[in-house]
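Positions are given from 1, in the same order as the sequence printed here.
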Amino acid sequence: MSPGENLDPIPDTFILQPPVFHPMVPYVTTIFGGLHAGKMVMLQGVVPLCARRFQVDFQCGCSLCPRPDIAIHFNPRFHTTKPHVICNTLYYGQWQTEARWPGLDLQKGASFLIVFLFENEEMKPFMEGSKEYPVGHPFLLYSHRLEVPCSRALPQGLWPGQVIIVRGLILQEPKDFTLSLRDETAHVPVTLRVSFADKTLAWVSPWGRKKLISAPFLFYPQRFFEVLLLCQEGGLKLALNGQRLGATSLDQQALERLRELRISGSVQLYCVHY
């Protein structure tokens with residue numbers, strides 16, 4: 001390398017995620033940059049002598065209710081006469097066609113090393129001591145990105161029990177992120193605004209007054225996020241990445257008059273569902 005010559009920067013997708021040792025189970029974490037061709041996830045552990053099954057889920061969110069889509073469900077089972085692994089996909093609450101892999105080298109009381117290798121349209125798990133390399137073909141949950149700004153009609157407004165789900169990726173140098181609900185007169189009674197400059201999350205009134213949400217700031221560049229808005233009598237409850245963050249008041253008539261959901265800002269959107 002000659003003096004003054006600069007090396008090409010390492011792409012974000014090739015930066016290694018720090019390992020996690022001895023995590024509590026069940027364990028949930030964010031995969032930096034998401035899953036893409038060439039990504040590899042390594043899992044080391046020990047199968048307890050009393051184990052009946054365990055599972056590894058590569059999922060598209062971390063909420064408990066509604067349950068997030070699961071791109072890959074990897075589920076070794078030991079309680080049958082012939083231990084086997086089941087692989088499947090959960091899409092909008094429905095399991096798809098499952099695949100069964102018999103004869104894998106996973107034993108009760110023994111340690112294991114599993115490497116998940118992701119390719120363009122398949123996943124391969126490699127297991128230490130095994131001669132078989134099973135291949136899974138996960139359902140392509142989010143094969144395309146949604147345009148931002150994004151607008152979705154709410155022809156019947158909102159009613160108690162309805163959930164709005166927004167999933168996406170924060171851009172590398174974000175400025176802001178806004179989610180708003182508009183009524184039939186284009187009035188905006190509900191606005192949720194994320195500011196990356198001062199790391200605040202706030203409800204914004206139709207008159208521009210901010211009500212800061214007292215909670216840890218959970219939006220980070222190049223990280224995936226899941227926003228849930230749960231409609232209930234008297235307003236909306238907010239959750240981010242499975243963590244409840246508060247609520248905003250709105251009477252039932254105002255909820256029923258809402259007609260449009262708008263999303264804008266420094267994000268890539270993959271899912272808007274309600």
Side-chain angles (χ1 to χ4, degrees), residues 1 4-20 28-41 58-63 68-69 71 118 120 140-152 164-182 188 190-205 208-229 236 238-246 248 260-274:
M1 178 177 176
E5 183 179 353
N6 294 323
L7 291 174
D8 292 334
I10 299 176
D12 292 338
T13 53
F14 288 94
I15 296 177
L16 295 177
Q17 188 161 335
V20 177
V28 180
T29 190
T30 298
I31 298 176
F32 299 169
L35 294 177
H36 52 81
K39 195 83 168 184
M40 182 177 69
V41 176
F58 295 94
Q59 59 189 38
C60 308
C62 52
S63 63
D69 292 336
F118 296 88
N120 285 326
L140 297 179
L141 299 177
Y142 307 129
S143 58
H144 65 280
R145 302 171 184 173
L146 304 177
E147 291 187 4
V148 178
C150 176
S151 175
R152 290 290 186 270
I164 295 175
I165 305 173
V166 178
R167 297 184 180 123
L169 177 74
I170 304 298
L171 298 184
Q172 189 166 358
E173 297 180 357
K175 295 181 180 179
D176 55 33
F177 166 47
T178 301
L179 185 154
S180 61
L181 294 165
R182 300 168 181 254
V188 188
V190 178
T191 299
L192 175 67
R193 183 165 298 160
V194 179
S195 172
F196 293 92
D198 54 9
K199 290 183 167 42
T200 58
L201 183 64
W203 299 108
V204 182
S205 73
R209 295 186 60 183
K210 287 186 178 181
K211 180 182 178 182
L212 294 178
I213 298 173
S214 180
F217 191 76
L218 300 177
F219 290 94
Y220 299 97
Q222 294 295 290
R223 296 282 192 94
F224 282 87
F225 67 88
E226 177 186 60
V227 172
L228 301 183
L229 284 175
L236 296 166
L238 169 68
L240 173 63
N241 297 343
Q243 180 174 331
R244 295 180 182 179
L245 296 185
T248 185
E260 183 185 10
L261 166 67
R262 285 193 183 182
I263 304 164
S264 61
S266 308
V267 296
Q268 292 176 359
L269 288 180
Y270 293 94
C271 172
V272 177
H273 178 64
Y274 48 87

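Side-chain contact between Leu229 and Val190: absent, with no pair of heavy atoms (C-beta onward) separated by less than 4.5 Å. With a 4.5 Å cut-off on side-chain heavy atoms, Val227 and Phe219 count as touching. Between Leu146 and Ile263 the shortest side-chain heavy-atom distance does not fall below 4.5 Å. In this structure, Pro149 and Arg262 have side chains that are not in contact, with every pair of non-hydrogen atoms separated by 4.5 Å or more. Side-chain contact between Val20 and Thr29: absent, with no pair of heavy atoms (C-beta onward) separated by less than 4.5 Å. Between Tyr220 and Ile170, every side-chain heavy-atom pair lies at or beyond the 4.5 Å cut-off.
Here the options are Ile213, Leu192, Leu228, the test is side chain to side chain contact (heavy atoms under 4.5 Å, CB included), and the partner is Leu245; only Ile213 passes.
Scored by the side-chain contact (heavy atoms from CB on, under 4.5 Å) test, Arg193 finds Thr178, Thr191, Val204 as partners (sequence neighbours excluded). Shown here are the ring pair (Phe, Tyr, Trp, His ring centres under 6.0 Å) partners of Phe196, two or more places apart in sequence or in another chain: Phe217. Residues that satisfy the side-chain contact (heavy atoms from CB on, under 4.5 Å) test with Ser214, not counting sequence neighbours, are absent from this structure.
Note that OG1 of Thr248 and NZ of Lys211 are 6.5 Å apart. Values are rounded to the nearest 0.5 Å.
Of all non-hydrogen atoms in Val148 and Gly265, the two that sit nearest each other are CG1-O, 3.7 Å. Closest heavy-atom contact between Ala202 and Lys210: CB-CB, 4.4 Å.
A distance-only check finds a donor-acceptor pair linking the side chain of Ser266 to the backbone of Lys175 [under 3.5 Å].
Taking the six-membered ring where tryptophan is involved, the planes of Phe118 and Phe58 are perpendicular, since the angle between them exceeds 60° and thus also 30°.
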